[in-house]
Protein chains: 2
Amino acid sequence: MKKMKCARFGFRTGNTLVAALLYLLLKKPAHGYSLVDELRDLGIDPAFVSYGVAYRLLRDMEVRGLISSKWEIEGSGPPRRIYSITNSGREYLKNWVNNAEKNLRVMNNLINKIKEVLK
Amino acid sequence: MKKMKCARFGFRTGNTLVAALLYLLLKKPAHGYSLVDELRDLGIDPAFVSYGVAYRLLRDMEVRGLISSKWEIEGSGPPRRIYSITNSGREYLKNWVNNAEKNLRVMNNLINKIKEVLK
DNA sequence: ACACATATATTCATTTTGTCAATAGGTAAA
DNA sequence: TTTACCTATTGACAAAATGAATATATGTGT
C-alpha cells in the first residue's frame with residue numbers, strides 16, 4: 001500500500017474529486033467535459049471544478065491506472081476522450097469509501113463537540 | 001459573504017485544524033505544545049500534526065485575528081506563548097460549523113451513493 | 001556535566017490547487 | 001460564408017498548502 005500523503009482528514013479536494021469521478025465512471029464510461037457537468041448531481045458545485053483541474057485529475061488517474069481512455073471520433077462535435085474505470089479504480093474506490101467513512105465520523109464528532117461548546 | 005477560496009469541500013487540513021484549535025481554545029487558553037497533544041482527544045492522530053504545522057497555523061490564526069497571545073514567563077519550563085480565542089475567532093468557528101455541516105451532508109451523500117453502486 | 005523533555009520558531013523543497021489562455025472542430029444563424 | 005458560439009481538451013504559470021528537517025532556549029533528573 002502506497003503511503004498516503006497529504007490526506008490528514010481524507011477530504012482533500014483532489015482525493016474527493018477522484019472518488020466522485022470514479023463513481024460517475026462506475027455507472028458508465030464518459031468524457032471529461034460531461035463528467036464535470038455530472039458532478040452537479042453529487043452536490044458538488046461544478047462552478048468550483050474548473051475544466052483545467054478536472055482534466056488534469058483524469059490524466060493523473062489514467063497514469064495511476066484507475067481509469068483508461070480511448071478516443072471517440074464518431075458522433076457530433078470534436079473528438080472526445082472516453083474514460084472507463086478499471087479494476088484498479090474499483091479497488092481504489094472501495095478503499096476510499098472505507099477511509100472516508102472513518103474520517104466522516106471524526107469530522108462529525110468534532111462538529112458536534114464544537115456545537116455543544118458554542119451553544 | 002466573502003468568497004470562500006480553497007475550501008471546495010470544506011475539510012481541508014488547514015481549515016479543520018484551525019477549527020479544532022479554536023475549539024480547544026474556546027474551552028481554555030493554552031500554548032501550542034499542549035494544544036497539539038490535546039488534538040488526540042478529538043480523534044485527530046497527533047502523529048499527523050507536526051509541531052511545525054501547528055505553530056505555523058497558530059501564527060497565521062493570530063495574524064488573522066482569530067486568536068491572541070501573550071508570553072508566559074512564570075512557571076516551570078521555557079517561556080510559553082499562551083493563546084486565547086478572540087470574538088472574531090468565535091465568529092469564525094460558528095461560521096465554520098455551519099459550512100462544515102453542509103459539507104458533511106454532501107460527503108455523506110457521496111459516500112452513500114458510492115456504497116450503493118459498489119454493493 | 002550530560003541526557004532528555006518541554007517549547008517555540010524558521011527554513012527549504014515538494015505537492016497540490018487555482019486560474020487562464022491556447023487550440024480546434026462543429027453548429028447555427030445572419 | 002463568415003461570424004459567433006458551443007463542445008472538448010490541453011498546457012503553462014502562479015499561488016497555496018504541506019512535509020521534513022533543523023535551530024533556539026529553558027528546565028529537570030542523574
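Sequence lines set the chain letters: A, B, ... in the order given, protein chains first and strands last, and positions in each chain run from 1. What you see is a predicted model, and the numbers here were worked out from it, not measured in a lab.
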Sequence neighbours excluded, every pair satisfying salt bridge (Lys or Arg N to Asp or Glu O under 4.0 Å) that has a member inside residues 77-92 of chain B: B/Glu72-B/Arg80, B/Glu91-B/Lys94
In whole Å, I'd like the distance from the [atom1] atom of [X] to the [atom2] atom of [N].
{"X": "B/Lys70", "N": "C/dT8", "atom1": "NZ", "atom2": "P", "answer": "13 Å"}
{"X": "A/Arg12", "N": "C/dG18", "atom1": "CZ", "atom2": "C1'", "answer": "13 Å"}
{"X": "A/Glu38", "N": "D/dT7", "atom1": "CD", "atom2": "P", "answer": "14 Å"}
{"X": "B/Leu17", "N": "D/dT18", "atom1": "CG", "atom2": "P", "answer": "8 Å"}
{"X": "B/Asp37", "N": "C/dA5", "atom1": "CG", "atom2": "C1'", "answer": "12 Å"}
{"X": "A/Asn15", "N": "C/dT16", "atom1": "CG", "atom2": "P", "answer": "8 Å"}

Apart from B/Val63 itself, residues in the same hydrophobic cluster as defined by side-chain heavy atoms under 4.5 Å: none
At a cut-off of 3.5 Å, list every protein nitrogen or oxygen paired with a nitrogen or oxygen from nucleotides 8-15 of chain D, distance to 0.1 Å.
from, atom 1, to, atom 2, distance (Å)
D/dA8, OP1, A/His31, NE2, 3.4
D/dA8, OP1, A/Arg80, NH1, 3.3
D/dA8, OP2, A/His31, NE2, 3.2
D/dT9, OP1, A/Arg81, N, 2.7
D/dT9, OP1, A/Arg81, O, 3.3
D/dT9, OP2, A/Gly32, N, 3.2
D/dT9, OP2, A/Tyr33, N, 2.8
D/dT9, OP2, A/Tyr55, OH, 2.3
D/dT9, O5', A/Tyr55, OH, 3.3
D/dT10, OP1, A/Arg81, NE, 3.1
D/dT10, OP1, A/Arg81, NH2, 2.9

Could you tell me which residues satisfy side chain to side chain donor-acceptor pair (under 3.5 Å) with [X], sequence neighbours excluded, listed by chain and number?
{"X": "A/Thr86", "result": "none"}
{"X": "A/Tyr23", "result": "A/Lys27"}
{"X": "B/Lys102", "result": "none"}

